[in-house]
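The structure appears right after this line, and notes come after that.
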Protein chains: 4
Amino acid sequence: MPRRYDPERRQRIVDAAIRVVGAKGIAGLSHRSVAAEADVPLGSTTYHFATLDELMVAALRQAGEGFAEAVASRGGLTDPDTDLAADLAALLGEWLAGDPTGVELEYELYLAALRRPALRPVAAEWSRDLTALLARRTDTVTARALVAVLYGMCLQVLLTGAAYEERYARDVFARVLAGPARAASRGEPAGEA
Amino acid sequence: MPRRYDPERRQRIVDAAIRVVGAKGIAGLSHRSVAAEADVPLGSTTYHFATLDELMVAALRQAGEGFAEAVASRGGLTDPDTDLAADLAALLGEWLAGDPTGVELEYELYLAALRRPALRPVAAEWSRDLTALLARRTDTVTARALVAVLYGMCLQVLLTGAAYEERYARDVFARVLAGPARAASRGEPAGEA
Amino acid sequence: MPRRYDPERRQRIVDAAIRVVGAKGIAGLSHRSVAAEADVPLGSTTYHFATLDELMVAALRQAGEGFAEAVASRGGLTDPDTDLAADLAALLGEWLAGDPTGVELEYELYLAALRRPALRPVAAEWSRDLTALLARRTDTVTARALVAVLYGMCLQVLLTGAAYEERYARDVFARVLAGPARAASRGEPAGEA
Amino acid sequence: MPRRYDPERRQRIVDAAIRVVGAKGIAGLSHRSVAAEADVPLGSTTYHFATLDELMVAALRQAGEGFAEAVASRGGLTDPDTDLAADLAALLGEWLAGDPTGVELEYELYLAALRRPALRPVAAEWSRDLTALLARRTDTVTARALVAVLYGMCLQVLLTGAAYEERYARDVFARVLAGPARAASRGEPAGEA
DNA sequence: AATGAATGAGCATTCATTCAT
DNA sequence: TATGAATGAATGCTCATTCAT
């Protein structure tokens with residue numbers, strides 16, 4: 001077996017890892033499965049990423065950059081003259097409508113941080129960046145709330161299999177953006193469904 | 001080795017499974033680890049739960065019942081004269097302040113449904129029950145939004161390690177309950193946290 | 001591949017482990033090498049001995065029993081009317097003259113206890129038993145010294161490759177048995193070589 | 001990565017190897033572990049020591065020199081007017097009282113020669129030098145016996161965890177130095193320790 | 001001369017599952 | 001009905017060694 005000169009190998013391993021998580025979930029991520037997917041020898045994966053944690057961190061970081069680009073490319077999020085609630089709802093819709101394995105993949109990697117300390121900093125950074133971006137259109141507290149809503153609705157769609165309704169999402173984002181109602185927190189129904 | 005008469009064995013296996021997930025995460029759940037934790041023979045776990053999926057369904061169901069009880073025991077949620085936003089914020093605070101492995105455990109089991117079809121019905125049911133409960137105080141759409149916010153904020157706390165701020169949470173719940181502002185969705189800051 | 005019913009399997013694995021250590025040294029002992037030598041599936045070795053330490057303890061214990069039998073079968077050691085020094089020298093000579101891999105094997109297992117805590121109790125017991133046996137012919141202190149000399153001379157032969165000289169060994173044992181010379185510890189040569 | 005000019009590198013690698021053996025045992029010695037401990041590139045260790053055997057020989061030689069110095073620095077061993085038995089007992093006591101990992105390390109390296117032919121000449125030389133030194137105070141046979149006793153008692157202490165008793169050791173050395181008792185080899189107890 | 005990259009072999013261990021009892 | 005024994009597959013990881021630079 002010839003020793004291949006392959007300067008991109010590290011990157012290709014990360015790409016393969018992401019494809020593996022997309023196809024089989026994090027539980028299916030192993031040095032072996034990645035090596036097979038990337039068509040490199042097993043030893044090559046352990047050489048570039050001594051532990052699976054290292055590989056997962058690289059994969060999560062890369063997946064995060066993908067999402068960040070999607071967000072950045074929606075000019076509306078930073079343009080003060082657009083409807084932020086609508087923009088967020090559209091963004092989420094686009095993301096959820098995209099390659100479903102891609103969505104599950106990124107979300108699964110993100111959620112994996114819950115029990116894998118090595119991933120926490122990357123996941124936290126991801127959340128922080130998005131919050132900071134939204135904070136340019138509103139205040140920090142509201143931005144944080146918007147992110148929470150975004151994640152929560154995403155979870156609902158992915159877990160219950162319910163269809164994503166953009167109008168509903170826009171409405172919820174708008175409520176959060178509207179700020180606290182002065183006298184309406186006793187639970188009265190609050191508008192159109 | 002005497003055959004033990006142990007009518008509670010099935011239940012004890014489920015309890016052990018929950019402890020194992022709490023201690024080592026779902027990735028650490030195996031017939032063996034559960035058998036050791038429950039102090040029953042290995043064969044006993046495979047006898048009562050032929051596959052790990054079956055065992056995880058039982059564990060998730062049981063964990064969900066625990067949460068449902070916590071919810072139900074907060075009378076406020078169904079009493080039309082209380083401040084629902086405050087009640088929800090308090091509930092979340094109480095849950096997050098409890099045994100941290102318990103919280104992570106339940107959330108991890110819940111999120112596992114993302115990639116394990118067998119768990120989806122249980123997780124969906126969990127979400128549906130909570131929504132239905134809240135719908136008794138507001139409309140269905142708002143209830144669903146409240147649940148999304150609840151999950152999203154929970155995620156933020158667990159993943160970023162940020163401290164839970166009950167006042168902030170109550171404010172966000174209140175905004176969602178208040179309904180859409182007539183003219184405020186252009187992103188203007190919306191008040192204190 | 002038929003599941004074999006093999007009630008002696010555990011014993012055969014230990015036997016194989018001893019042969020492996022004899023042939024390749026402790027460094028060559030692995031679940032795999034033992035499984036191959038014993039002609040059992042790999043999983044069978046890990047089933048009966050969950051860790052290599054467990055297997056090594058069993059092997060050391062068995063090797064020790066072999067040596068103990070050799071010692072016990074030399075009636076002279078317990079018969080008060082024989083020449084103990086000569087008996088010990090003969091025993092050592094016999095042992096060293098035997099299957100050389102057997103000698104190295106037992107010694108190597110014994111010495112492995114130096115760095116493997118799990119083996120220490122077994123090795124200590126081995127030494128204690130031999131000391132106790134010899135103490136029946138002399139006092140405890142002398143018995144302990146005899147054992148030290150035995151081990152030390154054994155080491156010399158094995159490590160330097162020097163031939164074993166029974167006469168020399170008997171002489172040294174005799175000196176230890178003779179007890180402290182009243183005035184002879186200034187280093188004067190002490191008799192025939 | 002700059003090519004470092006590091007004329008002491010070879011020496012530093014040997015030092016690191018000794019530290020590794022001290023910390024993790026011979027089983028933990030690898031090109032990688034040594035490279036990490038010495039803070040040099042992996043390739044550097046294989047460059048200076050093509051095989052692990054070469055590295056172990058260098059380490060054993062160096063460890064032996066350390067012991068030889070300790071011996072030489074005890075003037076008493078060569079001064080014909082001192083109590084040789086007491087000197088040996090004190091030397092052994094000092095050595096055993098020193099850094100325990102150092103003692104285990106040197107002994108482990110020494111014993112490794114049992115199964116590694118490459119180490120045998122170095123170990124044999126070590127033993128020969130000590131014997132030659134002691135032979136200046138007594139005859140060759142007695143010197144060899146003293147060395148055997150020294151090694152044997154050392155082994156007893158290290159393996160059984162028994163405390164070292166200098167008085168006992170001195171007594172045994174004295175017996176060996178005293179030479180064969182004329183009529184005392186029938187096993188009668190031979191005095192207090 | 002020196003070294004980063006690479007790789008195939010091997011390791012201890014854990015595992016879900018099967019099957020004879 | 002339970003369960004101890006058994007087993008083949010897989011895992012993360014370490015390694016000595018080689019080789020292109």
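Residue numbers start from 1 in every chain, and the chains themselves are labelled A, B, ... in the order their sequence lines are given, proteins ahead of strands. Values in this document were obtained by computation on a predicted structure and should not be read as measured data.
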Given atom [atom1] of [X] and atom [atom2] of [N], what is their separation to the nearest angstrom?
| X | N | atom1 | atom2 | value |
| --- | --- | --- | --- | --- |
| A:Arg12 | E:dA6 | CZ | C1' | 13 Å |
| A:Glu8 | E:dA6 | CD | P | 11 Å |
| C:Phe49 | E:dA12 | CZ | C1' | 15 Å |
| A:Ile13 | F:dG12 | CD1 | C1' | 15 Å |
| A:Asp39 | E:dA6 | CG | C1' | 15 Å |
| B:His31 | E:dT18 | NE2 | P | 11 Å |
| C:Ile26 | E:dC11 | CD1 | P | 15 Å |

Legend entry - Within residues 51-59 of chain B, residues whose heavy atoms come under 4.0 Å of DNA chain F: none

Can you check whether [X] reaches [Y] side chain to side chain, under 4.5 Å on heavy atoms?
| X | Y | result |
| --- | --- | --- |
| B:Thr51 | B:Leu55 | no |
| C:Ser127 | D:Leu159 | no |
| B:Glu106 | B:Trp126 | yes |
| B:Tyr110 | B:Leu119 | no |
| A:Leu111 | B:Tyr107 | no |
| D:Gln11 | D:Gln62 | yes |

Any donor and acceptor pair, going by atom type alone, linking the side chain of [X] with main-chain N or O of [Y] inside 3.5 Å?
| X | Y | answer |
| --- | --- | --- |
| D:His31 | D:Phe49 | yes |
| C:Glu37 | C:Ala17 | no |
| C:Thr160 | D:Ala124 | no |
| D:Glu108 | D:Ile26 | yes |

Which of the following nucleotides, [options], is nearest to the side chain of [X]?
| X | options | answer |
| --- | --- | --- |
| C:Arg9 | E:dA6, F:dA6, F:dC13 | F:dA6 |
| A:Arg32 | E:dT3, F:dT7, E:dC11 | E:dC11 |
| B:Leu42 | E:dA5, F:dA6, E:dT18 | F:dA6 |
| C:Tyr47 | E:dC11, F:dT1, F:dG4 | F:dG4 |

Inset, instruction - Starting from the 5' end of DNA chain F, give me the residue, D:Gly43 or D:Ala27, whose nearest nucleotide shows up first. - result: D:Ala27

Just to confirm, is there a sub-4.0 Å distance from OP1 or OP2 of [N] to any side-chain nitrogen or oxygen of [X]?
| X | N | result |
| --- | --- | --- |
| B:Thr46 | E:dT17 | no |
| D:Ser30 | F:dC15 | yes |
| B:His48 | F:dT1 | no |
| A:Ser44 | E:dA6 | no |

Legend entry - Dot-bracket encoding per residue of DNA chain E, Watson-Crick/G-U cut-off under 3.5 Å, | denoting interstrand: .||||||||||||||||||||

